[in-house]
Amino acid sequence: MPAPFVSRVMEVENDWIDYNGHMNMAYYNVLFDRCCDQALDLLGMGAAYVRDRKLTVYTAEVHICYVQELHRGDKVTATFHLLDHDEKRFRVYQELHHVDGWLAATSENLSLHVDMSGPKVAPMPADIMANLETMRAAHSALPVPERAGRSIGIRRKPA
């Protein structure tokens with residue numbers, strides 16, 4: 001199990017560039033999501049999981065930090081670092097890196113396992129839990145990312 005999982009190389013698309021001349025904020029999430037799709041396939045929770053087992057993953061919360069601008073045609077990879085999980089949820093930290101190595105953005109996500117018959121949050125089957133536990137064991141050797149667990153706020157200087 002790769003630690004962390006690293007996506008295929010992806011490219012910033014022309015239509016993603018905003019009036020400021022850089023990639024619009026929404027498309028950072030698209031790139032992180034594409035990496036998640038690849039990692040979920042590895043875990044057995046991809047498109048076939050939804051089709052065949054009527055189970056899926058919903059995103060409950062996302063926190064993105066924009067570090068450095070991306071531009072038209074830039075090539076990037078994203079990572080998927082499983083930080084924690086239980087029978088119904090998992091927490092992931094991701095980084096988006098330009099192929100030249102610099103950090104463009106980070107994302108932290110809390111996802112829910114969902115039974116599509118409800119839809120309702122439901123425990124993961126034993127085989128999926130085993131896959132998550134295998135990934136978590138591999139990822140537990142990684143350091144806890146400095147940016148994980150951040151909150152949003154305005155820092156004030158003491159009066």
Please determine which of Lys75, Arg34, Arg72 meets the salt bridge (charged side-chain N to carboxylate O under 4.0 Å, His left out) test together with Glu13.
->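 It is Arg34; the other options fail the test.
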
Contact summary for Glu133 and His85, nearest pair of heavy atoms =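 So the minimum-distance heavy-atom pair works out to CG-NE2, 3.4 Å.
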
Give the minimum heavy-atom separation between Lys88 and Asp86, together with the two atoms involved.
->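 Taking every non-hydrogen atom into account, N-OD1, 2.9 Å.
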
[X], [Y]: one ILVMFWY side-chain cluster at the under-4.5 Å cut-off?
X      : Y     : value
Met23  : Met10 : yes
Val92  : Val67 : no
Ile128 : Leu83 : no
Met45  : Tyr58 : no
Phe32  : Val62 : yes

Calculate, to the nearest 0.5 Å, the distance between atoms [atom1] and [atom2] belonging to [X] and [Y] respectively.
X      : Y      : atom1 : atom2 : result
Leu103 : Arg147 : CG    : CZ    : 6.0 Å
Cys65  : Leu96  : SG    : CG    : 12.5 Å
Asn29  : Ile64  : CG    : CD1   : 4.0 Å
Leu43  : Asp41  : CG    : CG    : 9.0 Å
Asp33  : Ser107 : CG    : OG    : 9.5 Å
Trp16  : Asp74  : CH2   : CG    : 11.5 Å

Any donor-acceptor N or O pair under 3.5 Å, side chains Asp115, Ser117 =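 Ser117 and Asp115 do have a side-chain donor-acceptor pair below 3.5 Å.
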
Examine the side chains of His71 and Glu69 and answer whether a donor and an acceptor come within less than 3.5 Å of each other.
->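 Yes - a donor-acceptor pair under 3.5 Å links their side chains.
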
Determine, step by step, whether Leu40 and Tyr49 satisfy the side-chain contact (heavy atoms from CB on, under 4.5 Å) criterion, reporting the C-alpha distance in whole Å, the side-chain angles of both residues, the deciding distance to 0.1 Å, and the verdict.
-> CA-CA 9 Å; Leu40 290 175; Tyr49 187 61; over 6 Å; no

[atom1] of [X]: more than 12 outside heavy atoms within 6.0 angstrom?
X     : atom1 : value
Asn20 : CG    : yes
Met25 : CE    : no
Arg89 : CZ    : no

Carefully, step by step, assess Tyr27 and Val12 under the rule side-chain contact (heavy atoms from CB on, under 4.5 Å).
-> CA-CA 8 Å; Tyr27 296 102; Val12 174; over 6 Å; no

Exam field: side chain [X] to backbone [Y], donor-acceptor pair closer than 3.5 Å:
X      : Y      : answer
Glu108 : Arg91  : no
Tyr28  : Leu70  : yes
Gln68  : Trp102 : no
His63  : Arg150 : yes
Thr79  : Glu95  : yes
His97  : Thr77  : no

Ring centers of Tyr93, His139 separated by less than 6.0 Å |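 Between His139 and Tyr93, which both carry aromatic rings, the centre distance is not below 6.0 Å.
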
Let me see the working for Phe80 and Cys36 under side-chain contact (heavy atoms from CB on, under 4.5 Å), right down to the final yes or no.
-> CA-CA 7 Å; Phe80 182 99; Cys36 281; 3.9 Å; yes

Measure the shortest side-chain to side-chain distance between His113 and Glu87 over non-hydrogen atoms and say whether it is less than 4.5 angstrom.
->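 No, side chains not in contact.
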
Determine whether Leu55 and Pro125 make a side-chain contact, defined as any pair of heavy atoms from C-beta on separated by less than 4.5 Å.
->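 Leu55 reaches Pro125 side chain to side chain.
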
Testing Val30, Asp18, Ile17 for side-chain contact (heavy atoms from CB on, under 4.5 Å) with Asn24, which one passes?
->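 So the option named by the test is Asp18.
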
Might you work through the side-chain contact (heavy atoms from CB on, under 4.5 Å) test for Met116 and Arg53, ending with a clear yes or no?
-> CA-CA 9 Å; Met116 296 299 290; Arg53 297 172 79 172; over 6 Å; no

